[in-house]
Amino acid sequence: MKRVRKLDQVTGKIVDWTAVLLLTFIFILGICQVVWRWILNHPIVWSEEMIRLTYVWICYLGWVIAERADTHIRITIISSRLPQEVQKWLQAFCHVLCIIMSILMVVYGIQLIKVGMKRTAVSFPLNYAVVYVMGPLCNFIIMLYEIAALIECIVIGPRDYSDKDGGDE
């Protein structure tokens, strides 16, 4: 169990720092794009495409971060009023659905990578497989988080998602 927690911590730090670095890269490249275009009258032709492709990576990393922190939006007005045992199996069912979705995203993502190997970016030499690899990679990590959450739900019980301030989510 110690190794699993250590792996989770290491993976979490890698994902967090990668997201921070990519967001910083997009910010700096966006400022450079504006300066070069409007002040120096010499636009960076590849910057817009690079920002767009990097944003795809950030979105996937954000999905992993939200999954790890269990902070996805959810509406619990009905489920929080159900008996504890029903909540447990409803949450377990939701975890199973997320695992199935992640498996499908990994399988079809690998196929997309194969297609991406034949394409390159328009304005700079980047193989699209590099962009598409984020889908299966992040969904594999999400699948692991969902499996852990499913086991926790069955063994310990359902998580309490009710609003601590007294209101409904």
Side-chain angles (χ1 to χ4, degrees), residues 4-77 91 94-95 97-150 152 159 161 163-165 167-169:
V4 172
R5 286 189 183 141
K6 183 67 176 171
L7 181 62
D8 177 45
Q9 289 175 345
V10 170
T11 304
K13 285 185 181 185
I14 290 171
V15 168
D16 291 346
W17 277 104
T18 303
V20 167
L21 291 173
L22 289 176
L23 194 57
T24 304
F25 172 72
I26 282 179
F27 178 75
I28 291 170
L29 187 57
I31 288 175
C32 290
Q33 178 183 22
V34 169
V35 169
W36 262 258
R37 179 173 304 230
W38 295 104
I39 296 174
L40 302 176
N41 291 324
H42 188 65
I44 306 170
V45 294
W46 52 268
S47 62
E48 186 177 339
E49 186 174 22
M50 178 63 90
I51 288 171
R52 188 170 29 90
L53 296 176
T54 306
Y55 185 70
V56 170
W57 275 45
I58 290 173
C59 289
Y60 271 111
L61 291 172
W63 188 9
V64 171
I65 291 167
E67 183 67 37
R68 183 180 72 234
D70 195 28
T71 56
H72 282 291
I73 190 168
R74 59 182 50 86
I75 300 170
T76 60
I77 192 164
Q91 285 183 22
C94 289
H95 291 305
L97 287 179
C98 288
I99 292 167
I100 292 169
M101 169 73 173
S102 293
I103 290 170
L104 290 173
M105 292 284 285
V106 168
V107 169
Y108 288 111
I110 290 170
Q111 292 177 6
L112 189 61
I113 291 170
K114 291 175 185 174
V115 171
M117 288 178 158
K118 300 173 186 168
R119 293 184 57 210
T120 57
V122 175
S123 56
F124 56 94
L126 175 73
N127 191 308
Y128 264 87
V130 173
V131 178
Y132 296 155
V133 77
M134 236 11 204
L137 179 64
C138 287
N139 276 283
F140 179 75
I141 295 170
I142 288 167
M143 181 181 61
L144 296 178
Y145 283 134
E146 283 293 335
I147 290 169
L150 175 64
E152 175 188 317
R159 291 186 180 174
Y161 292 116
D163 190 359
K164 302 301 181 212
D165 296 329
D168 289 325
E169 292 180 3

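Since this is a predicted model, take the numbers as computed values, not measurements. We count residues from 1, following the sequence as given.
By the 6.0 Å contact criterion, CZ on Phe124 is enclosed, its count of non-hydrogen atoms from other residues, nucleotides or ligands being greater than 12. In Tyr128, the OH atom is crowded: over 12 heavy atoms of neighbouring residues, nucleotides or ligands sit closer than 6.0 Å. Residue Gln33 places its CD atom among more than 12 non-hydrogen atoms of other residues, nucleotides or ligands, all under 6.0 Å distant.
Between Trp57 and Val133 there is a side-chain heavy-atom pair separated by less than 4.5 Å. With contacts defined as side-chain heavy-atom distances shorter than 4.5 Å, the pair Trp46/Val122 does not qualify. Contact annotation: the side chain of Leu126 never approaches that of Thr120 to less than 4.5 Å [non-hydrogen atoms, C-beta and beyond]. Looking at Tyr60 and Met105, their side chains come closer than 4.5 Å, going by heavy atoms from C-beta outward. The shortest distance between side-chain heavy atoms of Trp63 and Ile142 falls below 4.5 Å. Annotation: side chain of Cys32 is in contact with side chain of Ile44 (closest heavy-atom distance under 4.5 Å). Between Asp16 and Val20, the closest side-chain pair of non-hydrogen atoms is not below 4.5 Å. Looking only at side-chain heavy atoms (C-beta outward), Asn127 and Lys118 stay at 4.5 Å or farther from each other.
Glu67 CD to Ser102 OG: the interatomic distance, rounded to the nearest 0.5 Å, is 7.0 Å. Atom CG of residue Leu21 and atom CG of residue Leu61 lie 10.5 Å apart, to the nearest 0.5 angstrom. One distance of note links CG of Leu29 with CG of Leu22; it measures 11.5 Å at 0.5 Å rounding. Rounded to the nearest 0.5 Å, atoms NE2 (His72) and CG (Asp70) are 8.0 Å apart. Atom CD1 of Ile99 and atom CD of Glu146 lie 6.0 Å apart (nearest 0.5 Å). With rounding to the nearest 0.5 Å, the separation of OH in Tyr145 from CZ in Arg68 is 5.0 Å.
Nearest heavy-atom pair across Pro136 and Gly109 is CG-C, 3.5 Å.
Among Val64, Val106, Ile103, the one residue that satisfies the side-chain contact (heavy atoms from CB on, under 4.5 Å) test with Asn139 is Val106.
Between Asp8 and Lys13 no salt bridge is recorded (no basic side-chain N to carboxylate O distance below 4.0 Å).
Between the side chain of Gln91 and the backbone N or O of Arg159 there is at least one donor-acceptor pair closer than 3.5 Å.
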